[in-house]
Amino acid sequence: MDRKFLRCVHDGEVIKGYIEGDNVFPIQGEFWEDFEAAGGKFPVPEIEEWLPPVVPSKLIAIGLNYRAHAMETNFPIPEEPISFLKSTTSLTGHNTDIFYPVGLTHAVDYEAELAVVMGKYAYKVNEKEALDYVFGYTCANDVSARDIQKRDGQWMLAKSFNTFNPLGPWIVCGISPMDLRVVSRLNGETRQDSRTSDLIFSIPYLISFLSQVMPLLPGDVIITGTPSGIGRLKEGDNIEIEVEGIGTLSNTVKLP
Ligand code: MG
């Protein structure tokens, strides 16, 4: 299925729908249920604002899931997944601004990541069946205030500033997450370039691991870790996250 699921603003209204060809087809209902066409269609360039493609109950992040990245940040290689929650209000869509928290941090980094969007209630699922609970995949930027992350005992605050989690542009279904290229480009220059086959803990393992503790609900998002090559963002920067088989998420850094 080559439908790309998204949320956006069109004619001043929030639209949930999918892109097929060059058009957006609005729907009623949830992506992961038997939704109905809401009627009509409009061309993709008429999108007024790209929104995060889902509104999750939980935005779960995995830290240090690529060896080279753990080494570049001087953290030990984890023996089990390191997880933390990000505020769902950190989510923002494609082609929006990342607001720089002036006065609160002096070290804002980008992090290219594959994001998993759950499609079914998943509680205590095993690794073999874990991917059956996934709706699809999208691109994420786990923007991080590195100075706050290092002095806080938790990572939640450093990664939960408003607009610190670009997600999108859309969700793609029916692809395997096991070996996808993950790239970031800062002002057009490639900074991160790796593959999900290099993940220390695979996507099915992560879903099973997390679901032993908390039910994962449809629409919940797991961002799965970033490869080496992270770096600083400053005002005016454009940062692109591209994941193979999905697309490119582009955002610009602005002062508030
Ligand atoms: Mg991260």
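First listed ligand is number 1; within each ligand, the first listed atom is number 1.
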field: Pairs meeting criterion ring pair (Phe, Tyr, Trp, His ring centres under 6.0 Å) with involvement of residues 205-238, two or more places apart
entry: Phe201-Tyr205
task: Could you pull out the closest heavy-atom pair between Pro227 and Ala112, with the gap in Å?
output: CD-O, 3.3 Å
query: Between Phe135 and Phe5, does the ring centre distance come in under 6.0 Å?
result: yes
query: When the aromatic ring centroids of Phe75 and Trp155 are compared, is their separation below 6.0 Å?
result: yes
Side chain to side chain donor-acceptor pair (under 3.5 Å) pairs, two or more places apart, involving residues 86-101: Lys86-Asp142, Lys86-Asn165, Ser87-Thr89, Thr92-Thr96, Thr96-Asn251, Asp97-Lys254
- request: Kindly state each residue pair satisfying salt bridge (charged side-chain N to carboxylate O under 4.0 Å, His left out) with at least one member in residues 26-37, sequence neighbours excluded.
  value: Lys16-Glu30
- prompt: Listing by chain and number, what protein N/O/S atoms are under 2.8 Å from the Mg ion (ligand 1)?
  reply: Glu111 OE1, Glu113 OE2, Asp142 OD2
